[in-house]
Amino acid sequence: TLSDRLESIFKTLRGQGKITEQNIKDSMRDIRRALLEADVNYKVAKDFVQKVMDRALGTEVQNSITPGQLIVKIVHNELTALLGGTSSEFSFIGPAPHKIMMVGLQGSGKTTMSAKLALYYRKKGKRPMLVAADVYRPAAIKQLEILGKSIQVPVFIGDQKNPVAICREATGQSEKEACDLIIFDTAGRLHVDAEMMRELEKIAAAEKPNEIFFTADAMTGQDAVNSAIAFNDRLNFTGVVLTKLDGDSRGGAALSILAVTGKPVRFAGIGEKIDQIELFHPDRLASRILG
Amino acid sequence: ITFRKRIDDNLLDKIEEALITSDVGVEIAVQLIERLKALVAENRLVESDAILEALKNEMAALFPALQEKEGFLPENGRVPGVLLVVGVNGSGKTTTIGKLARYFIRERGKKVLLAACDTFRAAAIEQLTVWAERTGCELIKGVPGGDPAAVAFDALVAAINRGHDLLIIDTAGRLHTKVNLMEELRKIRQVLLKKRPDLFVHTLLVLDGTTGQNALMQAREFNGVSDVSGLVVTKLDGTAKGGIVFSICKDLSIPVDFIGTGEGPDDLVPFSLPAFIESFFK
Ligand SMILES: Nc1nc2c(ncn2[C@@H]2O[C@H](COP(=O)(O)OP(=O)(O)OP(=O)(O)O)[C@@H](O)[C@H]2O)c(=O)[nH]1
Ligand SMILES: Nc1nc2c(ncn2[C@@H]2O[C@H](COP(=O)(O)OP(=O)(O)OP(=O)(O)O)[C@@H](O)[C@H]2O)c(=O)[nH]1
Ligand SMILES: [Mg+2]
Ligand SMILES: [Mg+2]
């Protein structure tokens, strides 16, 4: 782990005399490398390490008996703060019905997460409705239909081929069904697909969702910043959900996305089953990134 | 990137950044930078304009195994050949199978059979059914929740009896950290080989092109239970570069067979190492 690595480096250095400022600066290389190996974006890692170095130089690191451990503690605290501090339940503002719009790249876990959020809020006493707005992927509508049925949540399936129209129709229908939470599942798309991004803008403009959740796969690498910036520029999303955290990817993409968009991570997908969702814990991800 | 200056640390830093942001990984980026430094020291690289060419040559030289040397399929009439398609959740397996069916039917004139061995995920069988209809090939399926190995077995029997050239098996996405799911995959492969010990089974690991360093972990684990023969890297029509294949090649010598460039049946390109390296510096 990074902690072990830094400890052994400083042990050697201390054996040679007092820890110097240069020693601390040099140790930043190991921190940067650990972050890159954890998939933190190149520029984000550089900026982050600079922050850490400023902190480390201003503290008792040089006089500490365990300088390596102290530096790692500083890194962990900085990471946790950047990732959102203490995990917090967030609540919807304004009157019902509240709307959540799921967006993101292909295969990131939007459809599954839509169902997970529906169950999560149903357990909290809300009356959710799922909206199948992916008309492109083969059997996408069927997939959401099956998931909705398994948790007794109604799934709106329009007879239109146009996702914008489907979402409009769904909102009208939700009033009849007295649903107080509408979750729009949209098709996966590339941030460089202008037409598909335009479609999302149209849906967001018409529905004015309370929350637009950018769904990101926890195993995403350096490209995370590109898609996050593009989706944020176009949609000004309100939050991020991180999926497949039940794997062993370090999850550095989450730090990158937070650093470049400033938007909070709200939920974590921790499995394939519909109940495998939890509130995001920044400190847990910080430990995971550090390895 | 434009290189209109002398080769100095600043230039090498820019190259390091380009490599790392392509998901090549720190170790390989450092290795390539060291090679460039050595060339400069030996005076074999002087002009900064030449550095890009030198880098491309180094990338090709370090990883020749990336380009599949033998044919992708058994050409000696050893039919049916089997493509076992595996990978983590959402990487693009089912879509890739649709594209492979299109490719082998239309470009290679093969008789293809598909097997829907993802019996777990909602509408997985329906999804593959659409692809079978789209590309005009038969599909063997079981019931949702059924045993995938049993479906695989039935599909192999059907492929043998009906004289198919190629059987392509779709499996459920699975994280390589889930031991029971990885064992299920091992069992699928064993069932096929038990039925016909000399069966040509080419295991294709489908990797999402946006994946970071975790791809190496995935490749190691999937290789451990199903002997990965080749990679397909999907979603390279986005901005991701797919640089993780270099580490996988270095560690496991697994070649890349195809890259996925979109969501339609024709969006599959046979891998070319020079073209792939070119794409890094676009
Ligand atoms: N292990 C694990 N698998 C997940 C998680 N979330 C989603 N998945 C799986 O990831 C795969 C893709 O999920 P989908 O919900 O279809 O993804 P999507 O974003 O809707 O995909 P598109 O609509 O094609 O863009 C499926 O196999 C899911 O079961 C998670 O938190 N953990
Ligand atoms: N842009 C792009 N999208 C792709 C590509 N390959 C697959 N996709 C999309 O990625 C999403 C997931 O594809 P699937 O084929 O369902 O992936 P999978 O690996 O079978 O997923 P699971 O079975 O749930 O593990 C779908 O929206 C596909 O259309 C590609 O090369 N480019
Ligand atoms: Mg979906
Ligand atoms: Mg699939």
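First the proteins, then the strands, lettered A, B, ... as listed; each starts at 1.
Residue A/Asp246 touches chain B through both its backbone and its side chain, counting heavy-atom pairs closer than 4.5 Å. Residue contact with chain A, scored on non-hydrogen atoms closer than 4.5 Å, involves the side chain of B/Lys178 exclusively. Looking at B/Leu181, the atoms closer than 4.5 Å to chain A (heavy atoms on both sides) all sit in the side chain, from C-beta outward. For a residue to count as touching a neighbouring chain, one of its non-hydrogen atoms must lie under 4.5 Å from one of that chain's; by this rule B/Glu263 touches chain A with the side chain only.
The shortest distance between side-chain heavy atoms of A/Met219 and B/Asp208 does not fall below 4.5 Å. Two residues are said to be in side-chain contact when any heavy atoms from C-beta on lie closer than 4.5 Å; B/Thr210 and A/Asp217 fail this criterion. A 4.5 Å side-chain heavy-atom check between B/Leu175 and A/Glu272 finds every atom pair outside the cut-off.
Under a cut-off of 6.0 angstrom, the local environment of CD in A/Glu195 is sparse, with at most 12 non-hydrogen atoms contributed by other residues, nucleotides or ligands. Other residues, nucleotides and ligands contribute over 12 non-hydrogen atoms within 6.0 Å of the CZ atom of B/Arg186. Sparse packing is recorded around CD of B/Glu27, with 12 or fewer heavy atoms of other residues, nucleotides or ligands lying under 6.0 Å away.
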Can you list the steps and then say if B/Glu16 with A/Arg32 is a salt bridge (Lys or Arg N to Asp or Glu O under 4.0 Å)? CA-CA 13 Å; B/Glu16 184 192 60; A/Arg32 199 187 72 124; 3.5 Å; yes
Could you go step by step and tell me if B/Ile20 and A/Gln222 meet the side-chain contact (heavy atoms from CB on, under 4.5 Å) rule? CA-CA 8 Å; B/Ile20 289 183; A/Gln222 296 286 316; 4.2 Å; yes
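When the candidates A/Lys43, A/Arg33, A/Glu37 are compared by the number of heavy-atom contacts under 4.5 Å with chain B, A/Arg33 comes out ahead. Ranked by heavy-atom pairs shorter than 4.5 Å toward chain B, the options A/Lys46, A/Glu145, A/Lys244 are led by A/Lys244.
Taken to the nearest 0.5 Å, the CD1 atom of A/Ile146 stands 5.0 Å off from the CD atom of B/Glu126. Rounded to the nearest 0.5 angstrom, A/Ser249 OG and B/Gln213 CD are separated by 11.5 Å. A/Tyr42 contributes atom OH, which lies 14.0 Å from atom CG of B/Asp23 (distance to the nearest 0.5 angstrom). Taking CG of B/Asn214 as the start and CG of A/Asp39 as the end, the distance is 7.5 Å to the nearest 0.5 Å.
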Side-chain donor-acceptor pairs of residues 129-141 of chain A under 3.5 Å, sequence neighbours excluded:
| unit_1 | atom_1 | unit_2 | atom_2 | d |
| --- | --- | --- | --- | --- |
| A/Asp134 | OD1 | A/Tyr136 | N | 2.9 |
| A/Asp134 | OD1 | A/Arg137 | N | 3.1 |
| A/Tyr136 | OH | A/Glu199 | OE1 | 2.4 |
| A/Arg137 | NH2 | A/Gln143 | OE1 | 3.4 |

Run the side-chain donor-acceptor check on residues 110-120 of chain A: report pairs under 3.5 Å with partners two or more places apart or on a different chain.
| unit_1 | atom_1 | unit_2 | atom_2 | d |
| --- | --- | --- | --- | --- |
| A/Lys110 | NZ | A/Leu105 | O | 2.7 |
| A/Lys110 | NZ | A/Ser108 | OG | 3.4 |
| A/Thr111 | OG1 | A/Asp185 | OD1 | 3.4 |
| A/Thr111 | OG1 | A/Asp185 | OD2 | 2.7 |
| A/Ser114 | OG | A/Lys110 | O | 2.8 |
| A/Lys116 | NZ | A/Gly271 | O | 2.5 |
| A/Lys116 | NZ | A/Gln276 | O | 3.1 |
| A/Tyr120 | OH | A/Glu89 | OE1 | 3.4 |

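Heavy-atom neighbours of chain A within the stretch residues 130-146 of chain B, taken at a separation under 4.5 angstrom, comprise B/Val130, B/Trp131, B/Arg134.
For B/Leu62, the side chain to side chain contact (heavy atoms under 4.5 Å, CB included) partners are B/Gln31, B/Leu32, not counting sequence neighbours.
Under the 3.5 Å distance criterion, the side-chain polar atoms of B/Lys235 are matched with a main-chain donor or acceptor of A/Gln106. Listed for the A/Asn226 side chain is no donor-acceptor partner under 3.5 Å among the backbone atoms of B/Thr239.
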